[in-house]
Amino acid sequence: MTMPAAGGEALDDAAVMLRVKAGDQAAFDYLVQKYRRPIMSLLYRMARNQAAAEDLAQEVFLRVYRSRQTYEASAKFTTWLYRIATNLAVNHARDTKRERPEVMASLDEPDSETGSTMEVADSRATVEEEMVKRERMQAIRAKVEALPERQKTAVILHKYQQMDYKQIAEVMKLSESATKSLLFRAYETLREELKQFC
């Protein structure tokens, strides 16, 4: 999905956003279409609620549109977009902490775009294997949910959005070394607390 420029060549996202800044509504529609699904996926993994994810996604694009006049192409467009989304999701998590249900949807359900999951499913799993797998997934989900908010956000961006350290650092406004340290602590905590399933 590329947005052609006047001369026919494809524009990068920052250039498309600069067209939005200049008043091009079609450019904004293009960005919404291109990023709606990945942003929804991120927000669902962070909010654990479909309705909340949809509301937050709408707010993300509303903020992008409202910020169009002040947009500067100094960072990658995706970094700016994901920063808006993660900030909204973290604020939502903080504001609704007491409202969250005890049972939450799986963090390991198939990605809506690729259909892939973190683990390869057994072709013919026994009932016992299925029970162990389900128990393991529930434990992983619970432990990820229990991580401090910044660690949880970093893990979701790393594992489920396939961002590298540099991208996560930009989104979370951290240095690359602080991001590596944050992820290291998160994965160490998960490894320690999930020893029985290894």
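Summarising the geometry, atom CD belonging to Gln167 is positioned 10.5 Å from atom CD belonging to Gln161; distances are rounded to the nearest 0.5 Å. Distance check, rounded to the nearest 0.5 Å: CG of Leu190 to NZ of Lys143 gives 9.0 Å. Rounded to the nearest 0.5 angstrom, Asp164 CG and His158 NE2 are separated by 8.0 Å. The structure places NZ of Lys159 at 12.5 Å from CZ of Arg45, a figure rounded to the nearest 0.5 Å. Summarising the geometry, atom OH belonging to Tyr165 is positioned 11.0 Å from atom CG belonging to Leu182; distances are rounded to the nearest 0.5 Å.
Contacts classified as ring-ring contact (aromatic ring centres under 6.0 Å, His included) and involving residues 127-146 (residues at least two apart or in different chains) are not found. Sorted by first and then second residue, the salt bridge (Lys or Arg N to Asp or Glu O under 4.0 Å) pairs with a member in residues 68-78 read Lys21-Glu72; sequence neighbours excluded. Judged as a side chain to side chain donor-acceptor pair (under 3.5 Å), the pairs with a partner in residues 171-182 (not counting sequence neighbours) are, in order, Ser175-Ser177, Ser181-Arg185.
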Query raised in the report: After noting the C-alpha distance and the side-chain angles of Phe77 and Asp12, does the key distance pass the side chain to side chain contact (heavy atoms under 4.5 Å, CB included) rule?
Result: CA-CA 9 Å; Phe77 173 79; Asp12 71 1; over 6 Å; no
Report task. Evaluate side chain to side chain contact (heavy atoms under 4.5 Å, CB included) for Leu157 paired with Met172, printing each intermediate quantity in order. Result -> CA-CA 10 Å; Leu157 290 173; Met172 296 184 71; 4.2 Å; yes
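Residues Val20 and Tyr30 share a single hydrophobic cluster, defined by chaining ILVMFWY side chains whose heavy atoms lie under 4.5 Å apart. Residues Met40 and Val90 do not share a hydrophobic cluster, clusters being chains of Ile/Leu/Val/Met/Phe/Trp/Tyr side chains in contact below 4.5 Å. No continuous path of ILVMFWY side-chain contacts below 4.5 Å connects Leu31 to Leu62, so the two sit in separate hydrophobic clusters.
When every heavy atom of Val155 is checked against every heavy atom of Ala186, the shortest pair comes out as CG2-CB, 3.6 Å. For the pair Asp13 and Lys34, the tightest heavy-atom approach, listed with the atom from each and the gap, is OD1-NZ, 3.0 Å. When all heavy atoms of Ala89 and Leu43 are compared, the pair lying nearest together is CB-CD2, 3.8 Å. Closest heavy-atom contact between Leu18 and Ala73: CD1-CB, 4.2 Å. A pairwise comparison of heavy atoms in Tyr35 and Pro38 identifies O-CD, 3.3 Å as the closest pair.
The closest side-chain donor-acceptor pair between Gln33 and Asp29, if any, does not fall under 3.5 angstrom.
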Distance-only donor-acceptor hits, side chain of residues 50-61, under 3.5 Å, sequence neighbours excluded:
unit_1	atom_1	unit_2	atom_2	d
Gln50	NE2	Glu54	OE2	3.2
Glu59	OE2	Arg63	NE	2.9

Distance-only donor-acceptor hits, side chain of residues 78-86, under 3.5 Å, sequence neighbours excluded:
unit_1	atom_1	unit_2	atom_2	d
Thr79	OG1	Glu170	OE1	2.9
Arg83	NE	Glu170	O	3.2
Arg83	NE	Val171	O	3.4
Arg83	NH2	Glu170	O	2.3
Thr86	OG1	Tyr82	O	2.9
Thr86	OG1	Arg83	O	3.2

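With sequence neighbours left out, the side-chain contact (heavy atoms from CB on, under 4.5 Å) criterion links Glu188 to Phe184, Arg191.
Remark: the backbone N or O of Glu149 is paired with a side-chain donor or acceptor of Thr153 at under 3.5 angstrom.
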